[in-house]
Amino acid sequence: MNSLLAQWTLFPRASLDPEEVLYYQSGQQQIGKQFRNRLTVLSVINATRNASISISNMQSADSGTYTCDVRNFPDISGQAEASIIVNVLEKPSNPICAVHGDVSTGHLVVLSCHSSKGNPAPKYTWSRIEKGANMNAQGIANVNTGILYISNISQFEFGKYQCNASNVVGFSVCTVELSSELNEAAIAGAVIGALLAVAFIVLLVWFITHKLKKKKYEAAKANQANTKQIYATVPSQNSGQEMQELQA
């Protein structure tokens with residue numbers, strides 16, 4: 001029995017690359033990285049010839065085809081391989097809702113909703129909450145992508161919208177507010193940004209002008225000082241006459 005070999009391999013549903021689950025040979029075993037601390041061998045394979053395993057805390061990534069290959073050399077007769085398909089169900093994760101487009105009367109607005117996890121893939125439904133009750137949302141919705149198109153929107157479509165992402169395991173929801181205030185806030189932000197830009201330009205022009213005036217003033221002051229110095233070195237006519245009188 002020392003020549004017994006048993007191997008479990010996972011062919012994931014979402015990948016083409018096989019994952020090692022368990023490799024056993026001659027009393028030694030190795031557990032794949034993805035299944036460490038979660039996989040248990042249910043018996044002593046070498047003694048019972050039973051390679052059954054148990055995997056705890058199953059994840060969506062564990063879904064796929066599991067293949068067991070058992071060989072006992074030199075006996076190679078009989079069926080050596082068997083497979084089983086495992087599908088791990090998972091509730092949809094909390095979806096993310098968002099508003100796209102110009103939220104103002106007469107325009108097209110798009111609402112999006114998406115859950116990053118969920119098996120089977122969740123279906124999405126939109127509703128509008130009015131006075132605490134869920135009403136059918138007006139527009140064109142895609143249950144597979146979670147997109148809701150509201151064309152030529154009017155004030156009657158404004159309000160709170162809820163997206164429900166659901167599958168056979170459960171559901172999760174998110175809400176978003178559809179209001180003209182969103183568009184007004186964007187306009188206000190743009191106006192404030194423009195005013196700040198204008199203020200910055202004005203301050204920049206003032207700073208440059210102030211520096212130029214200061215340099216011009218300093219240059220004029222220096223020129224005036226040089227003129228006074230030159231004037232002081234030139235003798236006056238009175239001083240010349242005084243010298244002649246002294247010599248006489």
Side-chain angles (χ1 to χ4, degrees), residues 1-98 100 110-127 141-148 162-176:
M1 295 297 294
N2 290 333
S3 59
L4 180 64
L5 182 150
Q7 183 176 10
W8 278 98
T9 305
L10 166 63
F11 295 88
R13 182 190 60 188
S15 173
L16 298 177
D17 299 324
E19 296 279 350
E20 181 183 66
V21 180
L22 172 69
Y23 183 87
Y24 173 91
Q25 186 176 22
S26 302
Q28 302 295 320
Q29 68 181 32
Q30 177 176 307
I31 297 175
K33 181 178 179 180
Q34 179 177 332
F35 299 94
R36 290 174 188 170
N37 302 321
R38 297 196 293 133
L39 185 145
T40 303
V41 180
L42 298 180
S43 63
V44 181
I45 298 177
N46 196 41
T48 64
R49 302 184 185 183
N50 186 340
S52 297
I53 60 175
S54 172
I55 303 174
S56 61
N57 191 24
M58 293 290 284
Q59 307 293 321
S60 180
D62 298 332
S63 297
T65 301
Y66 288 76
T67 298
C68 178
D69 187 3
V70 179
R71 301 180 187 275
N72 186 23
F73 300 102
D75 182 10
I76 58 174
S77 61
Q79 183 178 356
E81 184 178 293
S83 297
I84 184 172
I85 298 175
V86 176
N87 188 23
V88 182
L89 303 181
E90 183 180 17
K91 173 187 173 181
S93 59
N94 291 331
I96 297 176
C97 291
H100 311 272
V110 178
L111 304 184
S112 64
C113 175
H114 177 71
S115 293
S116 58
K117 296 181 179 179
N119 186 38
K123 301 293 184 181
Y124 302 94
T125 56
W126 280 96
S127 59
N142 188 317
V143 297
N144 296 316
T145 63
I147 301 296
L148 173 64
Q162 177 177 284
C163 172
N164 185 313
S166 62
N167 60 16
V168 295
V169 184
F171 69 92
S172 296
V173 301
C174 64
T175 59
V176 66

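From Lys123, atom NZ reaches atom OG1 of Thr145 across 10.0 Å, with rounding to the nearest 0.5 Å. How far CG of Leu4 is from OG of Ser26: 8.0 Å, rounded to the nearest 0.5 Å. Atom OH of residue Tyr24 and atom CD1 of residue Ile31 lie 13.0 Å apart, to the nearest 0.5 angstrom. Taking OG from Ser112 and NE2 from His114, the interatomic distance works out to 10.0 Å, rounded to the nearest 0.5 Å. Distance check, rounded to the nearest 0.5 Å: CG of Leu39 to CD of Gln29 gives 8.0 Å. From Asn94, atom CG reaches atom SG of Cys174 across 8.5 Å, with rounding to the nearest 0.5 Å.
Gly170 and Pro92 get closest at one heavy-atom pair: O-CD, 3.5 Å. What you find for Ser93 and Ser116 is that their closest heavy atoms are OG-N, 3.2 Å. Residues Tyr124 and Asn144 share a closest heavy-atom pair of CE1-O, 3.6 Å. Taking all atoms of both residues into account, the shortest heavy-atom contact from Trp126 to Ile147 is NE1-C, 4.3 Å. When all heavy atoms are compared, the tightest approach of Ala61 to Leu10 is O-CD2, 4.3 Å.
Among residues two or more places apart in sequence or in another chain, the salt bridge (Lys or Arg N to Asp or Glu O under 4.0 Å) test is passed with Arg38 by Asp62. Applying the disulfide bond (SG atoms under 2.5 Å apart) criterion to Cys68, with sequence neighbours excluded, gives no partner residue. In this view, Ala121 satisfies the side chain to side chain contact (heavy atoms under 4.5 Å, CB included) rule with no residue, not counting sequence neighbours.
A donor-acceptor contact shorter than 3.5 Å links the side chain of Ser63 to the backbone of Ser60. With Glu90 contributing its side chain and Val88 its backbone, the two residues share no donor-acceptor pair below 3.5 Å. Checked by atom type and distance alone, the side chain of Thr9 never pairs as donor or acceptor with a backbone atom of Thr67 at under 3.5 Å. The backbone N or O of Ala51 lies less than 3.5 Å from a partner atom in the side chain of Trp8, making a donor-acceptor pair. Not one N or O on the side chain of Ser43 forms a donor-acceptor pair closer than 3.5 Å with the backbone of Ile45. Here the side chain of Thr48 pairs a donor or acceptor atom with the backbone of Asn50 at under 3.5 angstrom.
Gln162 and Asn164 form no side-chain donor-acceptor contact under 3.5 Å, judged by distance and modelled atom types alone. Counted by atom type alone, Gln30 and Glu20 present one or more donor-acceptor pairs between their side chains at under 3.5 Å. No hydrogens or angles considered: nothing links the side chains of Asn167 and Lys91 as a donor-acceptor pair under 3.5 Å. Remark: the Asn119 side chain and the Arg13 side chain contain an N/O donor-acceptor pair separated by less than 3.5 Å.
Counted within 6.0 Å of CG on Leu5, heavy atoms from surrounding residues, nucleotides or ligands total more than 12; the atom is thus considered enclosed. Around atom CG of Asn37, no more than 12 heavy atoms belonging to other residues, nucleotides or ligands sit under 6.0 Å away. By the neighbour-count criterion of 12 heavy atoms within 6.0 Å, atom CZ of Phe171 is sparsely surrounded, having that number or fewer from other residues, nucleotides or ligands.
Val173 places none of its side-chain heavy atoms less than 4.5 Å from the side chain of Pro95. No side-chain heavy atom of Leu42 sits under 4.5 Å from any side-chain heavy atom of Ile53.
Sulfur-to-sulfur, Cys163 and Cys113 sit under 2.5 Å apart at their SG atoms.
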- [ ] Report the C-alpha separation of Val86 and Met58 in whole Å, then their side-chain angles, then the decisive distance to 0.1 Å, and conclude whether the side-chain contact (heavy atoms from CB on, under 4.5 Å) test is met.
- [x] CA-CA 10 Å; Val86 176; Met58 293 290 284; 3.9 Å; yes
Open item on the list: For a side-chain hydrogen bond (donor to acceptor under 3.5 Å, both in side chains) check, start with the C-alpha distance between Thr65 and Ser83, then their side-chain angles and the critical distance, and finish with the verdict.
Closed with: CA-CA 7 Å; Thr65 301; Ser83 297; over 6 Å; no
- [ ] Would you please test Phe35 and Leu22 for side-chain contact (heavy atoms from CB on, under 4.5 Å) and show each step?
- [x] CA-CA 9 Å; Phe35 299 94; Leu22 172 69; over 6 Å; no
